[in-house]
Chemist: 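Here it is, the structure, as structure tokens.
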Protein chains: 2
Amino acid sequence: MKSMPSRLTEIHVGSSPGQKSFAVKAANSPYDAVAVDFSHGDIDAFPPHPAAEAAFVAALNEGGQAAYTRYRGNPGVRQRLSERLAALTGAPVDPERELILTPGTQAGLFLSLASLVEQGDRVGIIEPDYFANRRIVRFLGAEPVPIRLNIFGGPSQPVLNVEELRASLRTAGAHVLCLSNPNNPTGAVLPPATVDKLAEMCVEDDVFVVMDQLYCRQIFAGTEFTHLRALPEMRMRCVTLAGPSKTESLSGYRVGTAIGPSWLIDRMEAVLSITSLRAPGYSQRVLDPWLAEDSGWLAKRVLAHQTIRDRILETLRKLEGSRVRKPEAGSYLFVQLPKLKVTTSEFIGELADKEAVVVTPGSEFGDGFDDFFRINFSQDAEAAIAAIERLVKLASLRRADGPDADPHAVGGAR
Amino acid sequence: MKSMPSRLTEIHVGSSPGQKSFAVKAANSPYDAVAVDFSHGDIDAFPPHPAAEAAFVAALNEGGQAAYTRYRGNPGVRQRLSERLAALTGAPVDPERELILTPGTQAGLFLSLASLVEQGDRVGIIEPDYFANRRIVRFLGAEPVPIRLNIFGGPSQPVLNVEELRASLRTAGAHVLCLSNPNNPTGAVLPPATVDKLAEMCVEDDVFVVMDQLYCRQIFAGTEFTHLRALPEMRMRCVTLAGPSKTESLSGYRVGTAIGPSWLIDRMEAVLSITSLRAPGYSQRVLDPWLAEDSGWLAKRVLAHQTIRDRILETLRKLEGSRVRKPEAGSYLFVQLPKLKVTTSEFIGELADKEAVVVTPGSEFGDGFDDFFRINFSQDAEAAIAAIERLVKLASLRRADGPDADPHAVGGAR
């Protein structure tokens, strides 16, 4: 065995979303519960728009022109998409220079950071945030500078304190910041005033932002979403990642987009050329119907998620001592458990083994979230509510101050 | 603009295969020639096996189970594929521990090297060989140790001199070697005796091999192909990359496979988790009909390529002073030009602009190949021969010792 390169030492995939759920799906739970894998969305409950398959098959029929594209992606797809992305984000997109199609938004993150961050740099990373951000920074030989989100913050105490962020970046000498908005895993959306302040900071302190907006189309009633790249001078100071993998359920095609200044897109294309050449050729075409769905399709999908969110929040309320932010967007809930007799890891293991409910441990999203778990509530509503009820019952039984009953009673009690 | 991270300084995509051909296809050539892009294969001339599309559509219909897989790939696909890969390579493949599905063989190369090579290491790289090998090594902060192939070597003077290779690796202190077999761009196949010696060297000198065997199913009559991983002790000392992108024309799906020791596959999965999560979920299923095509399909395809190879070689013979190895496998010809009045780059530019013929400059494949170009002859046979005739005429006109005619006469003379 060759010794492990140091860039890999902080990547552990065992607890990553989706990596532990497969045994559970195969196993029979002791009673008749429907297994729910909350580590990712259920695209059988929220299927892809049928136009995606049609676009893919059309590409297959087109043959070579669709299969082999420039590394940055099919010129026609980029041309057509640029107008819709400009409308979505509120600022122009040059299809030839400012847009690259990526093998999913995951690749967009990797390509962006690999193109911006020099070995030894320090990079601002929000906690909690998507698990890969820190790992990519470490992989590149750079050091994450953690900035804590105010998870339960609201109007009076913003979820992201830009003055604290600025101070942390200045102290560290960091000039790149990577974050998701809407936030993964909390579903928090940065309020307009916060995004304004963030933009000001970027200009004044020469900070470049990698902005993961994967959930920016799934905004719930009462919340306003501000696109950073639409603010003054920000088109040259940020890269915006968006794609159809979540709300639109197209993850299986592995495509996403990145919009940024031309010098960055050129570099990202260079990195893409050595990591996987291009986004899958035929899959690139499923971006043609994206952002162009029939009127009402998106609104209906967002509303359905809002309804599930509210029902799960109501169910979780029965778990005394737990805390959760009501998400303004996206499909995630980040739940803090009451104090348990067992470790969170033991609880999550028991939940999977005995209740056929898979959740992602909070420790995946940053330091200090050991008593949290994340669920993706893009699920069949009835199955999800039943699963959360089982979760609440098991957690109630395992409370540090609760009864010490046989866990099998949980299922029996349903 | 942020300063460019040093890992990117050697990646230039402008001359990479396929990146310059698009303007040519759009432009009208001055006469009625059929444009031929020799930078990659023409999958309209050699279409994918229809079973691929059927497998993909079946995966779409299966939904979530097909879209979201473990990072290393769908367990069922790996299970079924492992038996066929074992038969292909002549050694067992543990589907759970020794096999990972990658977003193309390009990703297999990146994931392998990122998992083996520490910053500052020296890595053996063959010249000429696939353009990305050197770039990936540099990206990882390591240094390529070039080993020259004997391009025109034959039985008496083997194409790869393992004693020279061993001496170079020892001097450099290199313990990782990356090469393609069949070789890209020359089509050379390492003879059995050379592969035997290579295996001995790996054991004696503790060398690990990244073996890109993308073309190992397209071996022409009279040549024997030896799989390194089937030799004693080599199953633990090499990673074998194979996939359906070339001979099988499935590049547009972006899937490949890597077979290696479990510790390496674990690391590759970790890197995959941060670069693009997984090979495209639905595309993974096109590996089901791969290596299981109806009898005769592969033989027919290989024979068709052998015929085109021979016709092009015959045409190229008219170009006095040129040299080319007769490839034993694959779809590439690596041609050395006679001395020209113009630079190779000018010649290649003129060839594209005026003759609608795109070739890849030899400089992409290592140092010292400035007077070479590569073609992928997986093309419509008649169009390819006509294009090579135009190439021969233009090169003859541009010879250092040739006439100084108007280049437009080339077309007119056809």
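Order of the sequence lines fixes the chain letters, A, B, ..., with proteins taken first and strands second; residue numbering starts at 1 for each chain.
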Chemist: Heavy atoms only: give me the nearest Gly63(B)-Asp44(A) pair and the separation to one decimal.
Modeler: CA-OD1, 3.4 Å

Chemist: Using a cut-off of under 4.5 Å on heavy-atom pairs, state which of Val176(A), Leu111(A), Ile136(A), Val57(A) scores highest against chain B.
Modeler: Ile136(A)

Chemist: If I measure from the heavy atoms of chain A, does Tyr282(B) come under 4.5 Å with its side chain, its backbone, both, or neither?
Modeler: both

Chemist: Pro103(A) versus chain B, heavy atoms under 4.5 Å apart: side chain, backbone, both or neither?
Modeler: both

Chemist: Tell me, for Leu277(A) versus chain B, whether the close heavy atoms (under 4.5 Å) come from the side chain, the backbone, both or neither.
Modeler: both

Chemist: Between Leu60(B) and chain A, which part of the residue has a heavy atom less than 4.5 Å away: side chain, backbone, both or neither?
Modeler: side chain

Chemist: What part of Arg237(A) gets within 4.5 angstrom of chain B, counting heavy atoms only: side chain, backbone, both, or neither?
Modeler: neither

Chemist: Determine the interplanar angle of the Tyr68(B) and His40(A) rings, folded into 0 to 90°, and report it as parallel if under 30°, tilted if 30 to 60°, perpendicular if over 60°.
Modeler: parallel

Chemist: Let me know if His12(A) has heavy atoms under 4.5 Å from chain B in its side chain, its backbone, both or neither.
Modeler: neither

Chemist: Of the listed residues (Thr105(A), Asp121(A), Asn133(A), Asp206(A)), which shares the most heavy-atom pairs with chain B below a 4.5 Å separation?
Modeler: Asp206(A)

Chemist: Tell me, side chain or backbone of Met4(A) under 4.5 Å from chain B's heavy atoms, or both, or neither?
Modeler: both

Chemist: Go through the atoms of Thr9(A) and report whether side chain, backbone, both or neither lie under 4.5 Å from a heavy atom of chain B.
Modeler: neither

Chemist: Let me know if Tyr130(A) has heavy atoms under 4.5 Å from chain B in its side chain, its backbone, both or neither.
Modeler: side chain

Chemist: Under 4.5 Å heavy-atom distance to chain B, tell me which part of Val255(A) shows up: side chain, backbone, both or neither.
Modeler: neither

Chemist: With distance as the sole test, does Lys2(B) use its side chain to make a donor-acceptor pair with the main-chain N or O of Leu264(A) at under 3.5 Å?
Modeler: no

Chemist: Determine the option with the most heavy-atom pairs under 4.5 angstrom with chain A, choosing from Leu272(B), Val271(B), Asp42(B).
Modeler: Val271(B)

Chemist: Evaluate the criterion side-chain contact (heavy atoms from CB on, under 4.5 Å) for residue pair Thr275(A) and Ser276(B); output intermediate values, then yes/no.
Modeler: CA-CA 9 Å; Thr275(A) 52; Ser276(B) 57; over 6 Å; no

Chemist: Tell me, side chain or backbone of Phe208(A) under 4.5 Å from chain B's heavy atoms, or both, or neither?
Modeler: both

Chemist: Name the option with the most non-hydrogen atom pairs under 4.5 Å to chain A; the candidates are Gly256(B), Ser3(B), Gly141(B).
Modeler: Ser3(B)

Chemist: Answer with side chain, backbone, both or neither: which region of Ala270(A) has an atom nearer than 4.5 Å to a non-hydrogen atom of chain B?
Modeler: both

Chemist: Counting only N and O atoms by type, is there a donor-acceptor contact under 3.5 Å from the side chain of Gln106(B) to the main-chain atoms of Ile274(A)?
Modeler: yes

Chemist: Does the Arg278(A) side chain pair with the main chain of Arg254(B), one donor and one acceptor, at a distance under 3.5 Å?
Modeler: no

Chemist: Less than 4.5 Å to any heavy atom of chain B: does that hold for the side chain of Gln119(A), its backbone, both, or neither?
Modeler: both

Chemist: Measure distances from Ala279(A) to the heavy atoms of chain B and classify the residue's part below 4.5 Å as side chain, backbone, both or neither.
Modeler: backbone

Chemist: Are any non-hydrogen side-chain atoms of Leu140(B) and Arg7(A) less than 4.5 angstrom apart?
Modeler: yes

